[in-house]
Amino acid sequence: MSVENEEKSVVLKIYGQDYPVRGKVDVEQLKRIAALVNDRMHEVGANMSSSAAVHKIAVLAAMNIAGEYLEYRDEHESLLDSVEQKSRELILMIDRSLSET
């Protein structure tokens, strides 16, 4: 059995709660994700009343993370479009240069 196919167990702590996860997972990546969610929930929770329900804090944190994700995705798509356009322009320039010789 290869290492990447082994089932692993990890307990992630997010906003004071333990979340056990078991499966064919990248533990370090899960820890990074849990840390991001935990940090974002604490940021959101710090701006809310102490009686705010955890599920509301979680939803607002998720919306915050999703908003960032969409911004990065849009920026990525825009950069890809730009690279594709520049590539087409360079190919045309090379083709013209080669046809002139």
Go through it in stages, so that I can follow the logic: the residues are Arg73 and Glu68, the test is salt bridge (Lys or Arg N to Asp or Glu O under 4.0 Å), and I'd like the CA-CA distance, side-chain angles, deciding distance and then a yes or no. CA-CA 9 Å; Arg73 187 182 72 181; Glu68 274 186 25; over 6 Å; no
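- The distance from atom CG of Asp26 to atom NZ of Lys31, rounded to the nearest 0.5 Å, is 10.5 Å.
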Arg22 and Val10: CA distance, side-chain angles, deciding distance, side-chain contact (heavy atoms from CB on, under 4.5 Å) verdict: CA-CA 6 Å; Arg22 180 179 167 87; Val10 64; over 6 Å; no
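- Side chain of Ser82 to main chain of Ser78: no donor-acceptor pair is present (N/O by atom type, distance under 3.5 Å, no hydrogens or angles).
- Environment of CE in Met63: sparse, with no more than 12 heavy atoms of neighbouring residues, nucleotides or ligands closer than 6.0 Å.
- Two residues are said to be in side-chain contact when any heavy atoms from C-beta on lie closer than 4.5 Å; Leu60 and Met48 meet this criterion.
- Screening Val37, Ile33, Leu70 for a side-chain contact (heavy atoms from CB on, under 4.5 Å) with Ile65, the sole residue that qualifies is Val37.
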Please lay out, stage by stage, how Val27 and Val25 fare under the test side-chain contact (heavy atoms from CB on, under 4.5 Å). CA-CA 6 Å; Val27 173; Val25 297; 4.2 Å; yes
Does Ile14 form a side-chain contact (heavy atoms from CB on, under 4.5 Å) with Met41? I'd like the steps, not just the answer. CA-CA 8 Å; Ile14 301 172; Met41 286 183 70; 3.8 Å; yes
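- Looking at Tyr15 and Ile57, their side chains come closer than 4.5 Å, going by heavy atoms from C-beta outward.
- Rounded to the nearest 0.5 angstrom, Asn38 CG and Gln17 CD are separated by 11.0 Å.
- Interatomic distance, Arg96 CZ to Met93 CE, rounded to the nearest 0.5 Å: 8.5 Å.
- To the nearest 0.5 Å, the span separating NE2 on His42 from CG on Asn47 amounts to 13.0 Å.
- Of the possible donor and acceptor atoms, one in the side chain of Ser99 sits under 3.5 Å from a partner among the backbone N and O of Asp95.
- Of the inter-residue distances, the one linking Leu92 atom CG with Ser97 atom OG reads 12.5 Å to the nearest 0.5 angstrom.
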Worked verdict on Leu30 versus Leu12 for side-chain contact (heavy atoms from CB on, under 4.5 Å): CA-CA 8 Å; Leu30 278 178; Leu12 305 169; 4.3 Å; yes
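- One finds the OH atom of Tyr72 at 12.5 Å from the CG atom of Leu79 (value rounded to the nearest 0.5 Å).
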